[in-house]
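Read the structure below first, then the notes.
Computed from a predicted structure; not experimentally measured. A, B, ... follow the sequence lines: proteins, then strands. Residue 1 opens every chain.
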Number of protein chains: 2
Amino acid sequence: MRPTVHDIAAAAGVSLATVDRVLNRRPGVRHVTREKVETAIRDLGYVRDLAAANLAKGRVYPLTFILPASDNSFMHGLNAEIRAAIARSAAERTDIRIVEVPAFDPQALVRELETVAAEKPSGVALVATDAPDVRTAVDRLVHDGIPVVTLVSDLTGSLRHHYAGVDNIAAGRTAARLLGRFLGGAKGEIAVLAGSMLVRDHRERLEGFASVTAQEFPALHLLPVLEGRDDPETAHMLIADALGKNDGIVGIYSLGAGNRGLIRALKEKAVDRALTVIAHELTVHTRAALLDGTIDAILNQDAGHEVRSAIRVLKAKADGLAVIDAQERIRLDIFLKDNLP
Amino acid sequence: MRPTVHDIAAAAGVSLATVDRVLNRRPGVRHVTREKVETAIRDLGYVRDLAAANLAKGRVYPLTFILPASDNSFMHGLNAEIRAAIARSAAERTDIRIVEVPAFDPQALVRELETVAAEKPSGVALVATDAPDVRTAVDRLVHDGIPVVTLVSDLTGSLRHHYAGVDNIAAGRTAARLLGRFLGGAKGEIAVLAGSMLVRDHRERLEGFASVTAQEFPALHLLPVLEGRDDPETAHMLIADALGKNDGIVGIYSLGAGNRGLIRALKEKAVDRALTVIAHELTVHTRAALLDGTIDAILNQDAGHEVRSAIRVLKAKADGLAVIDAQERIRLDIFLKDNLP
DNA sequence: CATTTTTTGATTTACGTACATCAAAATTGG
DNA sequence: CCAATTTTGATGTACGTAAATCAAAAAATG
C-alpha cells in the first residue's frame, strides 16, 4: 500500500496537523520540524492522492478558452470540441468557459486577457495573435501564477507553459516535400494560398514550404503568396484569377482555411490540367475533394486532440504535476485518400 | 452543484441506505421503491462520483498485458511503454502485469489466456495471434465479464471490446499510393518484405498495398513476398539477394520489422540505384535511414498511444463508462524527413 | 524568570461514496 | 390476527486528504 499522511506523521514523529501544515505550505512550522517531515515524505515516497485531495477540497478547475471569432470550418470544429469537453465537465471536475474576441486584433485579445486574469481561473488557453502586447499580457498571467497554453497558433518568446498545436514549420516543409515528390521533377510554378501573413502559423508554414522548395526542388518556382483572409469567396477569386492568367502553374499549396473556394475554382478552371494540390485542415469539403482527386493530400491538426491536450496540461500545471510529453505532442496528420478516418 | 446520494434519497423520499442498495444492486428493495429511486436518479441527473467511489472502495484496476516474446525494436518499445505506465500506476490506480508468450504460437497464447482468466483481472490487453482457438479463449474472457482489448494486431470475429492499433489495410493502401506517386508513373518491379504471412497485421498491409498498386499503378509489378521473420539477418539476406538478381526493382515496401537488415542491404547494394523505399515503424535505425535518404517515408504506429489507449479503454469498460472514440482511434503516422518528432 | 509569541498536538468535521449492522416497520403467509 | 419474513431506516465507520479550532508545549523576548 502507498503511504498516507498518517504514515508520514508517524515516521516523522509529529502530528497529523503538522504534516498537513507542511504539505499545504501553511505557516507555523519550525524549520527543523518542516525538514523532518520533508525527509519522511521523501523516505516513504509519499505522493498525495489527488483524487482524495480534490474530493476534500471540492475542487473544480475553472478554465477559460479564448478564441478568435472566425467563421470557418476549422474554428467551428474547435468550438465544437470545446463544447464536447464542457459536456464532460462533471466527470473531469472542469468548469470551462469560451470567450470570443475579434480575429487579427491584438488589442482586443489583450483586453480580454486582462479581464480573464481578474477572474483568477485555474488555467487559460488561447489562440494567440502574434504581437508584443499579447506577449506581455500572457507573461503577466503566467507571472500571476495562472497556467497558460497556446492553442493552434503559438506565441514564441512568451512565458506560456505549453503549446497545443502542430509544428507549422515542419508542416510547411512536409507539404513542400510531398508536392515536390508527387510532381516528380517536373518544372513549373507553384501557387500558395494563405489566410494572412499576420498570423504566425501561416507565416511559419510558408517559411517551411519555401525553404524546402528552394533547397530541394529548384525546378519549382513559388509565385507571390495569395492572401485569402481564410474566406472562401476571396480564395475562389484569387485562385480562379491565377489559374486563368498563368498556365505554368503545376501545383498549389493552400496553407490556410477557406478551401471551399479553392476547390470550386479548381473544378471550374482546372478540369483539363494536371495540378497537384496540397491543402490544410480536414473538413467536409477538403475530404470530398481528396476523395474525388481534386486534392492530392491534406495536412491536418486534430482539433479534438488539441483541446483535450490543452485541458490535461492546464490541469496538470494547476496541480504542479508533470505531463507526459509524448502524449501531449500534437502530430501533423497526413491524409491521402486511403487513410481517412 | 451536481446532486449527491443525499439528494436522491431526499427526492425519492427514502433513506440513504435504500439509495445505496439500488445503486449497488444489493438485494432487499421492493420493486416499487427501486423504481422511485431510479426515477429520482434520472430526474436529478445523478452520476456517481467515480473518484469518491474509488476512494471508498480502495479500488485498483489489475490489468494484464500479454505480449509475444519477440526480439525486435517495436516489441521492445511496446514493452517500455507498458513499463512507463506501470511507473504511473499509483496515480492511475492501476496494477499492471506483463506476461510474455512465445510468438506465433496460438496454443501458448490460449493457455496463458486461461491462466489469466482465473486471476479475474479488471482487464486484459493482448497482441493477438490470429487463430480460431485464440478467438474462443478471448470470447470466453469476455463472457466472464472481463474487458479485453487487442493491441497492435486485431482478432476480428471475436468479442473483444476494442482494438488499440492502426487500420493495417489502410496502412498498406497508403504505402502503395505514396510509393506510386513518388515513382511518378515509372515502370518497374516492387519488392515487398514482410515478417510472416501468419500474422494478420502483415497480411492486411500486403492486401491493402497490392490492391491499390494493381488498381491505380498498373505500371508497377509486385514480386513475390519475401518473408523475413522480422529478423534483421534474414531481411538482409533476402533483400541483398533480390537486388542482386533483379535490376528492374524500382521500389521496396517493408511492412514488418527487422529493418536494420534491409537498410544495410540497401547501403551495400543500391548506392548507384534510385530506389524508392517505404518502411514501417519508426526506430533509431529507420529514423537515421529516413534522414540520410535511404528510406523515403516511414509509416508508424505510436506504441505509447496504443498502450495508454488500451489502459483508458480497459478502465472505462471495467466501470461501464463510455470512451471518446476519436481519442482512442490509433492513427497511422506518416513520417517524411521533415516531420519527425 | 515571567511573559509573550511561536510552534505543535489533539480532535473534529467535511468531501461523496461504500458497506455493514441492528432495529423498526411493513408485508406476507397461515 | 399473530408469527415469520421481507423491506426499510438509522447510524456508524471507512477511504485519504483538507481545513479549522483550541489547548498545550516549546521557544524567544525582555
Task: Whichever of A/Val32 and A/Leu55 has its nearest DNA chain C nucleotide further upstream toward 5' - done: A/Val32
Task: Rounded distance (Å) that lies between atom C1' of D/dT17 and atom CD1 of A/Ile41 - done: 13 Å
- [ ] Ignoring hydrogens and angles, state whether a donor on the side chain of A/Arg48 or A/Asn24 is under 3.5 Å from an acceptor on the partner side chain.
- [x] yes
Task: Whole-Å gap separating C1' (D/dA18) and CG (A/Asp319) - done: 14 Å
Open item on the list: Between P on D/dG9 and CG on B/Asp20, what's the gap in Å once rounded to a whole number?
Closed with: 12 Å
Open item on the list: salt bridge (charged side-chain N to carboxylate O under 4.0 Å, His left out), that's the test. Do A/Asp49 and B/Arg93 meet it? Break it down for me.
Closed with: CA-CA 10 Å; A/Asp49 183 328; B/Arg93 300 190 116 81; 3.5 Å; yes
Task: Nearest-angstrom distance from the residue atom CG of B/Leu16 to P of C/dC22 - done: 20 Å
- [ ] Identify whether the distance between the nearest side-chain nitrogen and carboxylate oxygen of B/Asp130 and B/Arg135 falls below 4.0 Å.
- [x] yes
TODO: Using only heavy-atom distances, decide whether a donor-acceptor pair under 3.5 angstrom links the side-chain of A/Arg21 to the base of C/dG9.
DONE: yes
Open item on the list: From the set C/dT17, C/dC19, D/dA18, return the single nucleotide nearest to any side-chain atom of B/Arg26.
Closed with: C/dC19
Open item on the list: In whole Å, I'd like the distance from the NE2 atom of A/His6 to the P atom of C/dT12.
Closed with: 13 Å
Open item on the list: For a quick check under 3.5 Å, do A/Thr39 and A/Asp43 share a side-chain donor-acceptor pair by atom type?
Closed with: no
Open item on the list: Just N and O in the side chain of B/Arg30: are any of them under 4.0 Å from OP1 or OP2 of D/dT6?
Closed with: no
Task: Polar contact flag, side-chain donor to acceptor under 3.5 angstrom, B/Gln301-B/Asp333 - done: no
- [ ] Using heavy atoms to find the nearest nucleotide of DNA chain D for B/Arg34 and B/Lys57 separately, return the residue whose nucleotide is more 5′.
- [x] B/Arg34
- [ ] Mind calculating the distance between CG (A/Asp49) and P (D/dG16) to the nearest angstrom?
- [x] 8 Å
Task: Whole angstrom value for the distance that separates C1' of C/dT17 from CZ of A/Arg93 - done: 12 Å
Open item on the list: Rounding to an integer number of Å, can you tell me how far A/Asn54 CG sits from D/dT17 C1'?
Closed with: 10 Å
- [ ] For C/dA10, take OP1 and OP2 only and decide whether either is under 4.0 Å from a side-chain N or O of A/Ser15.
- [x] no
Open item on the list: Is the phosphate of D/dG9 approached by B/Thr18 (side-chain N or O, under 4.0 Å from OP1 or OP2)?
Closed with: yes
Task: Nucleotide nearest B/Ala53 (side chain, heavy atoms from C-beta), chosen from D/dA19, C/dA18, C/dG9 - done: C/dA18
Task: Upstream residue (5' side of DNA chain C) when B/Ala56 and A/Gly28 are each assigned their closest nucleotide - done: A/Gly28
Open item on the list: Looking only at the side chain of A/Asn24 (C-beta and beyond, no hydrogens), which of the listed nucleotides C/dC19, D/dA19, C/dG9 gets closest?
Closed with: D/dA19
Open item on the list: Let's see if you can work this out: which of D/dA14, D/dA20, D/dA18 has an atom nearest to the side-chain heavy atoms of A/Arg48?
Closed with: D/dA18
